[in-house]
Every structure is written in C-alpha cells, then in structure tokens.
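Written out below as structure tokens is the structure these notes cover.
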Amino acid sequence: MTNYRFWINAPSSAEGVKVRIYPSADAVEPERELWLNSIANDYWERDEEGDFIGKFYTYEVYPDNKWQGLGETPGVFATAVGINGRRCAIIDMSSTNPEGWQEDKRPVVESPSDLVVYELHYRDFSAHPGSGYVHKGKYLSLTEPKALDYLKSLGVGAVQIMPSFDFATVDERYPEWTEYNWGYDPINFNVPDGSYSTDAWNPVTRIREFKQMVMALHGAGIRVIMDVVYNHCYNVAESNFQRTYPDYYFRKCTNERGETIYSNGSGCGNETASERPLMRQFMVESVWYWAAEYHIDGFRFDLMGVHDVETMQQIRRKLDEIDPTITMYGEGWSGGPCALDESLRATKQHVKDMPGIGAFGNEMRDALRGPFDNDHQPGWLSGAEGYSESIKFGIVGAIQHPDIDMQKVNYSDEPWTVEPWQHVSYVSCHDDMCLYDRLVASFPKANTETIVRLAKLAFTPVLLSQGIPFLFAGDEVLRSKQGVRNSYKSPDRVNQIDWENLKRYPDYFRYVEGLIQMRRKHKAFRMGSAELVRENLHFIDNENNLLAFRLNGEAVGDEWKTIYVVMNPYNKRRFFKIPDGRYTVVCKNGEIDFDGLATICGGNFRIEKQQTLIFVER
C-alpha cells in the first residue's frame with residue numbers, strides 16, 4: 001500500500017472536484033470515486049492510500065452552483081496517460097528509464113552557434129517503403145544504426161523533433177497510420193504521443209521509447225531539441241485547461257460586432273494566456289520537466305510571439321538551473337492579431353529583452369527564395385536586386401553591424417539580436433514548401449541542373465551564417481512534398497522522404513554535407529560573439545554586385561587565416577576581383593574540397609552562373 005496524492009488547480013468557487021479511478025484505460029465504469037478537498041486558493045487535493053500502480057483516473061470539476069460537471073479530464077499536469085490521452089495513468093516513473101539512462105549526458109556545446117539544427121518528423125524520416133527502417137514512424141526509428149550513422153555523417157549537431165507531446169488527431173488505437181498529423185494540436189503537454197510508440201496502450205512504453213531515442217541520439221553526439229506548442233489547444237471546450245478552470249487559460253477579445261470571443265493569435269481558434277499566473281507556472285514547470293525527466297537539450301517555441309516576454313524569461317532562468325547550454329528559440333511572431341499588448345509579447349523585436357533566447361530570421365528566408373505569401377515570386381536566387389541586404393543581415397546573425405544598411409532590410413528596421421546565435425538562419429521548414437518545391441514553383445521553366453545549382457546557392461549563406469543554421473530534413477536530398485505547402489494532414493506518400501534521392505543527386509548531398517563540415521571545422525563561420533563578428537566579418541563591395549564577404553579567421557584561432565565567400569545569383573557568369581596574394585580555392589562550381597580545388601593569385605576570377613566561390617589564405 002502506498003500513499004498517492006491527487007491534486008488539481010481548479011476554481012476555489014467550484015462546488016466540488018471528483019476523482020474517478022478506473023482499472024484500465026478503456027474501462028466503462030470507475031472502481032472508485034473520491035472528492036478532493038479545497039486546500040488553498042484555486043488548489044484542490046486529496047491523499048489516499050492504496051495500490052494505485054497500473055490504475056487510471058480522471059478529474060471532473062463541478063462549477064459554482066451547478067451540479068453538472070465540465071467533463072472528465074486527466075488534468076493539466078498529467079505525466080502519463082492511457083490510450084488517446086483520455087485518462088491519467090499511475091505508473092512508477094523509474095520503470096520508464098532504459099538501461100544506462102542515469103549515465104546519459106548531453107553532448108557538450110560551447111555556443112549555440114556550434115549547432116546545425118535538423119528538423120524532422122518521425123514518419124517523414126522513416127516511412128518510405130524503401131527507407132530500410134524497421135520502426136517506421138516510431139521514436140525507435142531514431143535509435144536504429146541507419147539513422148544515427150546518417151545523421152552523424154551529415155554532421156548535424158541537433159535534431160529538432162516536431163511536436164511529440166500527446167496530440168489529438170491521430171487515433172492511437174489504430175497503428176495502421178490511417179491518419180497523419182504534424183502534432184500541432186496538443187491535448188496532454190507533459191506526455192509523449194502514443195502514435196509514435198510501438199504500444200500506445202501501455203503508458204510506460206511510450207515514455208521508455210522516447211527516452212531510448214534521446215539516449216541514442218546523445219550517444220551519437222547529437223542534441224535533441226523539442227518543438228513545443230503552448231500557444232493553443234486542439235479546441236477550447238474539450239481541452240484539459242477548460243475542463244479544470246473555465247476560461248482562465250485563454251485570452252478573449254471583442255470582435256467588430258461587439259461580441260466577446262476567444263482571441264485567435266494562434267490561428268487555431270484560441271490562444272493561451274501565458275501572462276496569467278497558473279498558465280505561466282504551467283509553462284515554466286512543463287518545459288523544466290521535459291529537460292529534467294527526458295533530458296531534452298533545447299526547445300523551439302511554436303508562435304512564440306503569442307507568449308509574453310516575462311514568461312519566456314522565467315523559462316530561461318529555470319532551464320539555466322539545469323544547464324545554461326539548453327537552447328531556446330522560437331517563431332518571433334503570431335498567427336494573427338493577439339489580445340495581449342504588442343509591447344509585452346515575445347516577438348522578434350523583443351529578442352533583445354530575452355537573453356539566451358533566439359528567433360527565426362524570416363528576413364533571410366524570404367530574401368533568398370521569395371516572400372512567404374507568394375510561392376511563385378522568386379527572391380535573390382533569381383538575380384533580382386534589392387534582396388542582398390536582408391541576406392547580409394542574416395549572415396551576421398541580425399546583430400548591429402556597420403556594413404548593414406537597415407533601411408534596405410525587409411521586415412525589420414533595426415537589429416533585433418544582441419548576439420548572433422539568437423538568429424536562426426533558414427530557407428525552409430515544415431510549414432511551407434520544402435526547398436525543392438519552392439524552387440520549382442518559383443522557376444517553372446528551370447531544368448533539374450538549374451534547380452540543383454539554386455538549391456546549393458540557397459544553402460550557402462544559411463549554413464555559413466553566424467547564427468544557428470537550420471535545415472529541414474530531406475532538403476539535403478532535394479525531397480519533394482508534391483508541391484503541397486501546408487502538408488500537416490497529408491498522407492505519408494506526400495510527406496515521406498524518398499531516400500533514393502541520395503542516388504539521384506549525390507553531388508548535391510555532398511555539397512550540403514561539405515558546407516556543414518566546413519562550418520564545424522572552422523571557427524570563423526561560428527564566432528559566437530557579436531563583437532567578434534563586427535570586427536572580423538566584412539562585406540565586399542564589387543562592380544558586379546555579387547554577394548561577397550571576408551572573414552578574418554586568424555583573429556579567432558581558425559587555421560584558415562583569411563576566408564573569402566563570393567556568391568553569384570545571376571544567370572550568367574560574373575567576375576570578382578581577388579586581392580593580391582596566394583589562395584586555395586575550397587569551393588567552386590558546386591564542389592567542395594578542403595585540400596583545395598585550385599591555387600589562385602590576385603586579379604579577376606570568373607564565377608559561373610548561380611555558383612559560389614570560396615577561397616582561403618592558409
């Protein structure tokens with residue numbers, strides 16, 4: 001017999017809170033019912049003796065003067081659940097630890113700039129019939145040697161897993177994958193989703209297998225960043241928030257007809273109110289729990305601009321207690337107008353007020369490939385004028401830099417980071433066209449050779465920027481989603497990565513791999529300090545308007561004393577005037593070789609159309 005505490009945050013004004021204890025996750029009737037005691041302001045609990053391991057339970061809150069409950073819920077803080085997350089499970093958490101879990105260590109990272117982040121969805125990564133994976137679409141797919149060897153070979157420093165806590169729209173009872181979803185419809189925020197587990201009925205299995213995945217990636221020297229979605233729920237009425245404390249966790253606003261409605265800054269019909277004490281406490285404790293219990297190394301906050309700055313600051317301070325190198329960044333915008341005042345929101349413009357927290361740089365993204373809201377309009381990759389300054393802004397990590405004319409930068413009229421690693425550099429991610437599809441849409445007459453050249457050119461400033469480079473899984477092999485932009489519920493045949501592309505585009509993969517290795521080997525591309533970047537990275541004006549910059553590698557201890565990167569987006573060859581000296585060409589015409597492709601001296605050097613030239617002084 002053990003003592004178990006049932007507790008919940010619910011209004012003190014409620015008539016009562018009942019606990020129903022079930023013998024199984026799908027039992028029709030409870031075997032016991034208990035009433036909680038109102039202990040303090042908005043806090044109810046009850047200690048009960050019994051053999052509860054293996055049992056399941058729900059709460060039901062009965063509001064003021066209404067002896068009709070709000071509906072059963074596992075509660076907001078559930079850390080283990082049964083099938084489809086309907087009931088909280090009582091388990092021994094120590095039984096979820098795989099062998100060696102206590103010795104699991106985070107891979108050492110000196111600066112966030114040292115990371116190359118690889119965003120993946122379990123099913124996309126492993127579902128293809130020819131992928132060779134045993135545990136297709138499961139957490140365990142990332143424990144297989146095939147996956148670990150590939151990720152190590154590519155050279156990524158962190159895997160950003162798409163939302164993995166328990167979500168609503170994939171029925172865990174049917175593992176045949178009749179449904180697909182990215183997971184941006186959360187129901188239980190502190191439990192891994194069962195659809196990625198080999199046995200969703202067993203509440204221990206999903207937790208153990210998630211931990212096995214984390215431990216395997218750590219063993220390969222790869223950190224794990226988790227995409228977290230605290231800005232909204234699947235729906236309001238059935239959410240655990242609403243069924244425990246009605247209308248407390250959500251913001252409301254007044255529409256044009258004067259009606260009070262749920263604010264929709266999330267773009268999903270509701271937005272949570274992070275500034276309210278219980279929601280703030282929940283977010284802080286939930287993120288801490290994932291870092292402490294699951295050894296998560298970083299967090300990507302979906303629509304971070306819906307949350308308030310103070311909550312994000314508190315999360316950062318709480319994570320620092322565990323490990324200051326745990327990464328935090330997010331989308332520095334919302335999905336629509338928010339009820340919270342703009343001055344309080346954790347948008348990109350307030351990153352300066354959030355030390356240790358970064359944001360995605362959409363200036364670089366849209367300047368490279370074209371605007372987010374027009375799939376057919378190309379950007380700098382087409383050779384169009386007016387985009388270079390925004391790419392330069394991304395290359396320096398959105399810091400204040402004397403070479404950047406902020407009047408020519410899209411979306412931002414002033415620098416928004418303090419340190420370069422607060423900027424996440426990217427050209428594509430899950431919720432948009434993948435790179436290949438975007439290039440095909442923007443350049444409909446281009447042949448495959450041209451698409452490959454443009455893709456190589458697109459990744460050059462991203463992977464050689466001073467921020468945190470971000471790569472959408474499969475873009476390194478020119479994956480296609482058949483032109484589907486928002487593929488959040490498209491089937492596997494749309495979302496899966498066709499790994500045969502490794503054979504179709506081997507030179508392209510080697511180029512991306514080479515850029516990642518170049519970054520890892522050479523400190524000049526990841527200085528990690530705004531002051532060092534201002535002192536040692538300078539852009540070079542030239543008569544052909546090529547995008548070119550020089551790095552003083554010697555000043556930061558790089559074996560390459562001086563590095564020149566020159567990019568030609570034009571559809572014809574251009575010339576670049578090389579300073580007098582003796583240099584080794586390490587990148588030319590889509591090929592990378594650290595030992596050298598050629599030796600050059602001063603004078604005009606020809607750069608072929610849509611190509612990058614990198615030459616160094618050793």
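No donor-acceptor pair closer than 3.5 Å links the side chain of Arg223 to the backbone N or O of Leu217. Side-chain N or O atoms of His522 include none that pairs as donor or acceptor with a backbone N or O of Ala524 at under 3.5 Å. Between the side chain of Asp297 and the backbone N or O of Val224, at least one donor-acceptor pair lies under 3.5 Å. Put simply, the side chain of Asn501 gets close to the backbone of Val477: a donor and an acceptor are under 3.5 Å apart. Formation of a donor-acceptor pair under 3.5 Å by the Gln610 side chain with backbone atoms of Asn571 is not found in this model. Using modelled atom types, no side-chain atom of His232 and backbone atom of Asn264 make a donor-acceptor pair closer than 3.5 Å.
The residue from Trp182, Phe299, Phe165, Tyr184 that alone fulfils the side chain to side chain contact (heavy atoms under 4.5 Å, CB included) condition with Asp227 is Tyr184. Checked options Tyr329, Phe360, Phe459; the residue passing with Tyr426 is Phe360 (criterion: ring pair (Phe, Tyr, Trp, His ring centres under 6.0 Å)). Each of Ser263, Ser334, Ser266 was checked for a side chain to side chain donor-acceptor pair (under 3.5 Å) with Glu271, and the lone residue meeting it is Ser263. A salt bridge (Lys or Arg N to Asp or Glu O under 4.0 Å) with Asp320 is found for one member of Arg317, Lys318, Arg316 and no other, namely Arg316. Put simply, the residue from Gln349, Glu363, Gln422 that forms a side chain to side chain donor-acceptor pair (under 3.5 Å) with Trp416 is Glu363.
What you find for Thr169 and Glu179 is that their closest heavy atoms are O-OE2, 3.5 Å. Contact between Phe250 and Arg276 at its shortest, heavy atoms only, is O-NH1, 2.9 Å. In plain terms, the two heavy atoms of Ala548 and Phe576 that are nearest each other are CB-CE1, 3.8 Å. Pairing each heavy atom of Arg574 with each of Asn544, the nearest pair is NH1-O, 2.9 Å. For the residue pair Ala359 and Met304, the shortest heavy atom distance occurs at CB-CE, 4.3 Å.
Note that Lys489 lies outside the cation-pi zone of Tyr180, set by a 6.0 Å cut-off to the ring centre and a 45° limit from the axis.
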Walk me through whether Asn190 and Ser286 qualify under side-chain hydrogen bond (donor to acceptor under 3.5 Å, both in side chains).
CA-CA 6 Å; Asn190 292 332; Ser286 177; 2.5 Å; yes
After noting the C-alpha distance and the side-chain angles of His121 and Tyr488, does the key distance pass the ring pair (Phe, Tyr, Trp, His ring centres under 6.0 Å) rule?
CA-CA 11 Å; His121 186 280; Tyr488 75 98; over 10 Å; no
Can you list the steps and then say if Phe167 with Tyr234 is a ring pair (Phe, Tyr, Trp, His ring centres under 6.0 Å)?
CA-CA 8 Å; Phe167 58 90; Tyr234 175 55; 9.8 Å; no
Could you check Tyr289 against Phe189 for ring pair (Phe, Tyr, Trp, His ring centres under 6.0 Å), going step by step and ending with a plain yes or no?
CA-CA 10 Å; Tyr289 178 74; Phe189 291 83; over 10 Å; no
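Checked for salt-bridge contact, Asp323 and Arg106 meet the test: a charged N lies under 4.0 Å from a carboxylate O. Under 4.0 Å is where a charged nitrogen must lie from a carboxylate oxygen, and between Lys523 and Asp558 no such pair does. Glu513 has no carboxylate O lying under 4.0 Å from a charged side-chain N of Arg510, or vice versa, which leaves the two without a salt bridge. A salt bridge is defined here as a Lys NZ or Arg NE, NH1 or NH2 lying under 4.0 Å from an Asp or Glu carboxylate O, and Asp432 with Arg365 fails to meet this definition. A salt bridge links Arg438 with Asp375: at least one charged nitrogen is closer than 4.0 Å to a carboxylate oxygen. A salt bridge links Arg300 and Asp302; the closest N-O separation between the charged side-chain nitrogens and carboxylate oxygens is under 4.0 Å. The existence of a salt bridge linking Asp507 and Lys456 is confirmed by a sub-4.0 Å separation between a basic side-chain nitrogen and an acidic carboxylate oxygen.
Distance check: Leu439 CG to Leu478 CG gives 8.0 Å after rounding to the nearest 0.5 Å. Distance OG/Ser428 to CZ/Phe470: 8.0 Å, rounded to 0.5 Å. Interatomic distance, CG of Asp114 versus CZ of Arg526, reported as 4.5 Å (0.5 Å rounding). The distance from the CD atom of Gln466 to the OG atom of Ser425 is 9.0 Å, given to the nearest 0.5 Å. Remark: Leu464 CG to Leu515 CG distance equals 5.0 Å, nearest 0.5 Å. Expressed to the nearest 0.5 Å, how far CH2 of Trp421 lies from OG of Ser529 amounts to 10.5 Å.
For Lys521, the NZ atom counts as loosely surrounded, since its 6.0 Å shell holds 12 or fewer non-hydrogen atoms of other residues, nucleotides or ligands. Shown here is Gln482, whose CD atom has more than 12 heavy atoms of other residues, nucleotides or ligands within 6.0 Å. Shown here is Lys481, whose NZ atom has more than 12 heavy atoms of other residues, nucleotides or ligands within 6.0 Å. A 6.0 Å sphere centred on CG of Asn447 holds more than 12 heavy atoms belonging to other residues, nucleotides or ligands.
Between Phe125 and Tyr118, the ring planes are perpendicular. Angles over 60° get that label, and only those under 30° would be called parallel.
Taking the six-membered ring wherever Trp is involved, the centroid distance between the rings of Phe282 and Phe241 falls below 6.0 Å.
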